[in-house]
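Take a look at the structure set out below.
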Amino acid sequence: MKQKRKILPKLFAALVVLTLISCCFLGTTFARYTSTGENIASVEVANWNITFTNASNQSLDENIKFGQLSPSMADAGADTTRSNSTAPKLVAVIKNNSEVDAKVSVTVGDLTLSALQGSLTYGSASDTANPTEDQVKALFKIELYYHDTSAEIGSTKDLNKITLNDGKADVKTLTTGSNAAIYLYAVLTWTTDDTNTSAAGGWDGDALDTWAGENVAGVSYAVTYTAVQASQTPASGS
């Protein structure tokens with residue numbers, strides 16, 4: 001009996017070892033099937049390429065010079081508007097070389113007057129020596145136009161006028177295509193103020209024009225051109 005008792009622990013230990021070995025075989029031999037695959041999802045980026053150049057196909061870093069401008073030489077008369085304008089000047093060429101549409105808009109900043117000597121001295125509305133700054137600035141106006149295909153324009157009748165609202169306007173949407181472009185022109189005008197015909201009423205037109213000619217060296221405007229994405233690809237994307 002004692003010998004049987006000695007054998008039982010050994011049999012139990014052997015049984016435990018065999019059980020562990022069988023579990024290992026079952027775990028490796030009968031594991032569930034597993035497969036792995038891989039690919040790469042990619043998309044091409046729609047190109048955004050807008051160019052802003054001047055008439056010489058150069059950047060817009062340099063100012064556009066219109067030359068000289070004087071008031072009209074006509075005599076004052078009833079129901080007569082005395083004005084003189086520059087010829088249309090090509091100020092910017094905007095091209096859409098992108099793969100999406102682009103909406104072009106413009107913003108015109110405030111008029112800046114430069115003095116012939118020193119700084120400009122303004123007066124009050126009743127001052128007979130110097131006009132107010134607003135009176136002088138009101139003499140000058142900038143108008144913008146555009147053309148779709150030509151950079152050689154001699155008259156505004158061949159151009160499309162841009163109507164500004166508080167100095168801003170959406171001009172046109174350039175659709176994708178072969179060198180879609182817009183040509184922007186500016187015209188500067190000097191209009192004599194004939195609302196007061198005698199110095200007693202403030203400043204008469206000729207006197208105000210003369211003051212500007214004697215004191216103002218030049219006028220300038222900052223014009224900003226903006227192109228904003230106006231379509232997407234794919235068009236039905238979310």
Side-chain angles (χ1 to χ4, degrees), residues 31-67 69 85-114 137 140-189 218-238:
R32 60 185 175 185
Y33 295 128
T34 302
S35 300
T36 301
E38 179 181 300
N39 69 1
I40 296 175
S42 64
V43 64
E44 294 182 358
V45 173
N47 179 253
W48 177 253
N49 182 1
I50 306 292
T51 60
F52 300 86
T53 58
N54 59 23
S56 301
N57 200 31
Q58 298 172 337
S59 68
L60 297 179
D61 294 338
E62 296 187 4
N63 295 329
I64 303 296
K65 299 186 182 298
F66 283 78
L69 177 65
S85 301
T86 66
K89 182 81 171 181
L90 179 62
V91 293
V93 179
I94 302 176
K95 290 186 177 181
N96 180 19
N97 304 307
S98 309
E99 293 174 322
V100 291
D101 298 345
K103 182 176 70 175
V104 175
S105 61
V106 295
T107 302
V108 179
D110 294 334
L111 166 65
T112 299
L113 299 171
S114 58
K137 286 186 173 182
F140 305 99
K141 179 176 66 174
I142 185 173
E143 292 180 310
L144 298 179
Y145 300 82
Y146 76 90
H147 199 277
D148 294 325
T149 59
S150 177
E152 299 293 334
I153 298 295
S155 172
T156 56
K157 67 181 179 62
D158 300 318
L159 299 170
N160 302 292
K161 188 173 182 179
I162 299 172
T163 301
L164 298 173
N165 183 14
D166 293 329
K168 301 178 181 179
D170 292 332
V171 182
K172 186 178 180 181
T173 296
L174 299 178
T175 57
T176 58
S178 178
N179 294 323
I182 188 171
Y183 299 82
L184 296 172
Y185 290 80
V187 173
L188 297 182
T189 300
V219 301
S220 60
Y221 296 85
V223 183
T224 303
Y225 314 99
T226 305
V228 178
Q229 179 183 343
S231 70
Q232 65 182 26
T233 182
S236 59
S238 59

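As the structure is a computational prediction, the values presented were derived from the model and not from experiment.
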**OP:** Let me see the working for I162 and L184 under side-chain contact (heavy atoms from CB on, under 4.5 Å), right down to the final yes or no.
**Re:** CA-CA 9 Å; I162 299 172; L184 296 172; 3.8 Å; yes

**OP:** Evaluate the criterion side-chain contact (heavy atoms from CB on, under 4.5 Å) for residue pair L113 and F140; output intermediate values, then yes/no.
**Re:** CA-CA 10 Å; L113 299 171; F140 305 99; 4.2 Å; yes

Original post:
Can Y225 and V91 be said to form a side-chain contact (heavy atoms from CB on, under 4.5 Å), step by step?
Top reply: CA-CA 11 Å; Y225 314 99; V91 293; 3.3 Å; yes

Original post:
So L164 and V108, side-chain contact (heavy atoms from CB on, under 4.5 Å) or not? Walk me through it.
Top reply: CA-CA 8 Å; L164 298 173; V108 179; 3.7 Å; yes

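With hydrogens and angles disregarded, a donor-acceptor distance shorter than 3.5 Å links the side chain of S231 to the backbone of D101. Without hydrogens or angle criteria, S98 side chain to V100 main chain gives no donor-acceptor distance under 3.5 Å. Between the side chain of T176 and the backbone N or O of E99 there is no donor-acceptor pair closer than 3.5 Å. Side-chain atoms of E38 do not come within 3.5 Å of backbone N or O of I40 as any donor-acceptor pair.
Between Y185 and L90, the shortest heavy-atom distance links the atoms CD2-N, 3.5 Å. Closest non-hydrogen pair, P88 versus S155, comes out as CG-C, 3.9 Å. Residues Q229 and W48 share a closest heavy-atom pair of N-CH2, 3.5 Å.
Sequence neighbours left out, the pairs with a member in residues 159-172 that pass side chain to side chain donor-acceptor pair (under 3.5 Å) are E143-K161, D148-K172.
Here the OG1-CZ distance, from T86 to F66, works out to 5.0 Å after rounding to the nearest 0.5 Å. To the nearest 0.5 Å, atoms CD1 (I182) and CG (N96) are separated by 11.0 Å.
At a cut-off of 3.5 Å, with distance as the only test, a side-chain donor of T189 or S85 sits close to an acceptor on the other residue.
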